Amino acid sequence: MAKESLNLRLQIAPPISEHRYFPAIIQASKKSPNHELRIRHHNSRKSTTSASRREFRSVEGSILSIKRLLYYVNNGCLETALQLFDKMGKSKTFVWNVMIRGLVDSGLFQEAIEMYYQMRIEGIEADNFTFPFVIKACVGLKEGKNVHSTVIKLGFDLDIYVCNALIVMYAKVGCVEDSERVFERMPVRDLVSWNSMASVYVLVGDGWSSLMCFEKMQRVGVGLDRISCISALGACVLEHRLLSGKEIFCQVLKNGLELDPMIQSSVIDMFGKCGGVDYAERFCDRIAEKNVVVWNSMIGAYAGNKKPFESFACVEMMQDANSYMAPDTVTLINLLPSCSNLRALLQGKTIHGYAFRKGFLSHLVLETALVDMYGKCGRLVLAESVFFRMKTRNLVSWNAMIAAYVQNSKDRGAIETFRDLQLEPYVPDEITFASTLAAYAEIALPKEGEQIHGLICKFGFSLGVYVANALIHMYSKCGDLEAARKIFDRLEFKDLVSWNTIIMAYAIHGSGAYCFRLFSDMINEGHEPNGSTFVSLLSACSITGIVDEGWEFFYSMKRDYGVDPGIEHYGCMLDLLGRAGNLERAKRLIEEMPLEPTSRIWGSLLAASRHHRDITLAELAANHIFSLDGDNTGCYVLLANMYAEVGRWEDVERVRSLMKKQGLKMTSSCSILEHNGRTHKFKNHDRSQSYAVYEALDVLSRKIGENGVHCSSVSKFKPTESLKARGNSPMYHSVRLATCFGLIKTTIGETVLIRKNVRLCEDCHSATKKISLITKREIVVGDSKMYHHFKDGRCSCGDYW
DNA sequence: GTAGGGTTAG
């Protein structure tokens, strides 16, 4: 069914091959961005025959030439207009005004300003018509202020048209306070003045002030028109206020504005972005003739509300033979998130191919959306190809590329891209930092994380809640719970994500009781918990091993807070039951759950059966995993280890050869430790460390009751084939080498912090507990799931992980 | 024979 509804007309031509289309894109992108303008000029040049050139010379300043000038300007024939203007007598302000307007309409702002100054130099007085054009051409505050002072000097500061233009200009250069000042000082305001004020508030993202403006203009009797409603609908989007949006929609109907296409697209957009996609759909269905913007708004509304199939269906409808409307760049941009949502790579590529064939590329926003789509569909190479071939990039494109690396677990790639970005003339924003911090959280090295925290401070970033949450997450994943807590405590406005993140931080560090206290603080502060809150709480229960509270939270999420348990909550409950050894109950929970079990669910059961050495159950879980996720390396390894533990070597060999057949390789275990700004990496049976490390390990091994092998023998250590098959001795596992290195290099009393890429093995867990007792040192080991705090011979995980 | 505010996009 899914495939059928994705059968877009876009697919008439096959999706382009990955290897063939990129060179072609480069060729296509050589087209000038001013292509359209040039064509127009070219055509107009054709019409400028030698006869008409003669005419230019003879009609200086005549009414005929003024009419011609107006004609050229109104039809966008700027070059011809300029030629005519050069030949004309320029004693009249009117002629200059027309020419300045022509330049402004073509977006040639600098040229318009230059012409205005030329006019002044030639002694022509600017009038009340000149300034609205010139003010529109001001793109910088300094220029704007200069023009404004001339306006005052010449006494046009009471002109309503001039003031309205000033209101918009000041907001565009980032000084909305100046817009307000102009508005306040106006002796008379008309509907456009109010609309200008309401629209500039939307422009600067202040929806609330815009809505106040909308309300006040009606109270003072100015009334409203279609433009007022468009701004008000935009304001509702900014404030995410569905109720206000509905009120504006009533005004639209009351004033008979619902047939206006701009109103139609704004209404659909508002409903779509305020959580009323059904209203958007109903309204859209009633529109008999939809233009491309209306279609795009509806496609965007579906895509933004996780209704990808509906958005694809919409694209097919817009291309219906009877009322065909061609998709444009915005259609494709709005459609790409639906591809990401479904991880529908083929449809994503189809859109890419269509864009290329239609000559839509190169296009900054479309290419950025493609980077985003390829990243989310797991095709990092394609995301990179698009990104590196982009003709122009901006901060959003860089952010999309960094996020693509993070989504594909290429954290070093994300960090390198972030470093490259610093060589560009862009100032990173909250999104840049949040994505980069997510990469540092995975790399999990506290010193590196601290450096980026320093950088955020250096950029003078006032710590917004978005970045602060990313920092809390990063510090907790790096093992520095204290730093995470400090940021949380200093955060003035904590949102739900802040609470969920700090609760999860304490959960992965094994402080269940603290999580529950934080949860009650959160409720007392008036926050409504969501699904993620319960993932944090249930994780805390499972990591700490508190079964009763776990069940209580599991039942209360729906009963007390109306949150339906999702697959991730069942996963946490399975971990919890597995920990408690209640394997039968765990199996029953899988059977009872109303959702289709995923490989993560069976993985929980597998982990539990491993811990309780139930091979039959492990085999059952593993079979389910293999059927859902054939290349799950972890599952093969876990099963092989279980067989090895009970000496079933034939089964070990069988699993290993299965892995080999599938081309799967075991993730080699390693431990990482930071010291003096350097990162030290240890592999199992690593022979490259210093003599002192092996010596310390030998001494400690003897003390904890394991037979140490003398360091000199380490270099000769060569596991036999049978030993390889049976798993290497844990005596020289990476975590122990890292621990010894840490103990030697740090001072007495200092905590040794180690990161491990895979789960800690039972032997090393037990050995590290003993080492913490003998050396009287706290050793913290973060594995792929949680942190183990070893102190005085005990571990914070209570020996279950 | 000239003016002002406005729709969908990463």
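Fair warning: this is a prediction, and the values are worked out from it, not measured in the lab. Chain letters run A, B, ... following the sequence lines, proteins first, then strands; residues in each count from 1.
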Legend entry - Base B/dT8 to side chain A/S265, donor-acceptor N/O within 3.5 Å cut-off: no
Inset, instruction - Select base, sugar-phosphate, or nothing to describe what A/S196 touches, counting heavy atoms under 4.0 Å on all strands. - result: sugar-phosphate
Inset, instruction - May I ask you to say what A/P261 touches in the nucleic acid, namely base, sugar-phosphate or nothing, with a heavy-atom cut-off under 4.0 Å? - result: base
Determine all donor-acceptor pairs shorter than 3.5 Å in which one atom belongs to a side chain in residues 247-259 of chain A; sequence neighbours excluded.
from: A/Q251; atom 1: NE2; to: A/Q218; atom 2: OE1; distance (Å): 2.8
from: A/N255; atom 1: ND2; to: A/Q251; atom 2: O; distance (Å): 2.7

Legend entry - A/D159 side chain, from C-beta outward: closest of B/dA9, B/dG1, B/dA3: B/dA3
Inset, instruction - Return the value, rounded to whole Å, for the distance between atom CG of A/L233 and atom C1' of B/dT8. - result: 13 Å
Legend entry - Interatomic distance, A/L336 CG vs B/dT8 P [rounded to whole Å]: 19 Å
Inset, instruction - Establish, with yes or no, whether the OP1 or OP2 oxygen of B/dT2 is under 4.0 angstrom from a side-chain nitrogen or oxygen of A/K67. - result: no
Inset, instruction - Would you classify A/D225 as touching base, sugar-phosphate or nothing, given that sugar-phosphate means primed atoms plus P, OP1 and OP2, and contacts are heavy atoms under 4.0 Å? - result: base
Inset, instruction - Report the distance from atom CG of A/L335 to atom P of B/dG10, rounded to the nearest whole Å. - result: 13 Å
Inset, instruction - Answer with base, sugar-phosphate or nothing: what part of the nucleic acid does A/D269 contact at a heavy-atom distance below 4.0 Å? - result: sugar-phosphate
Inset, instruction - Name all residues meeting the ring-ring contact (aromatic ring centres under 6.0 Å, His included) criterion together with A/F129; count only those two or more places apart in sequence or in a different chain, and write none if there are none. - result: none
Legend entry - Nucleotide nearest A/S266 when distance is taken to its side chain, options B/dG4, B/dT2, B/dT7: B/dT7
Inset, instruction - Send over the distance from A/M99 CE to B/dA3 P, rounded to a whole Å. - result: 13 Å
Inset, instruction - Take atom CZ of A/F271 and atom P of B/dT8, then tell me their distance rounded to the nearest Å. - result: 16 Å
Inset, instruction - On the 0 to 90° scale, with breaks at 30° and 60°, tag the A/F131-A/Y116 ring pair as parallel, tilted or perpendicular. - result: perpendicular
Inset, instruction - Please state how far atom CZ in A/F156 lies from atom C1' in B/dT2, giving the value in whole angstrom units. - result: 14 Å
Inset, instruction - Tell me what A/I299 touches on the nucleic acid: a base, only sugar-phosphate, or nothing, going by heavy atoms under 4.0 Å. - result: nothing
Legend entry - Among B/dG1, B/dG4, B/dT7, the one nearest A/M262 by side-chain distance: B/dT7
Inset, instruction - Indicate the atoms forming the closest heavy-atom contact of A/A81 with A/V73, along with that distance. - result: CB-CG2, 3.9 Å
Inset, instruction - Can you figure out which of B/dA9, B/dA3, B/dG1 approaches the side chain of A/F129 most closely? - result: B/dA3
Inset, instruction - Check the angle between the aromatic planes of A/H352 and A/Y374 and answer parallel, tilted or perpendicular using the 30° and 60° thresholds. - result: tilted
Inset, instruction - Find the distance A/N334:CG to B/dA9:C1' and express it as a whole number of Å. - result: 6 Å
Legend entry - B/dG4 base / A/D190 side chain donor-acceptor hit below 3.5 Å: yes
Inset, instruction - Output the single nucleotide from B/dG10, B/dT7, B/dA3 whose closest atom is nearest the side chain of A/I333. - result: B/dG10
Legend entry - Of A/F94, A/Y72, A/W96, the residue whose pairing with A/F85 passes ring-ring contact (aromatic ring centres under 6.0 Å, His included): A/W96
Inset, instruction - Please state how far atom CG in A/N97 lies from atom P in B/dT2, giving the value in whole angstrom units. - result: 11 Å
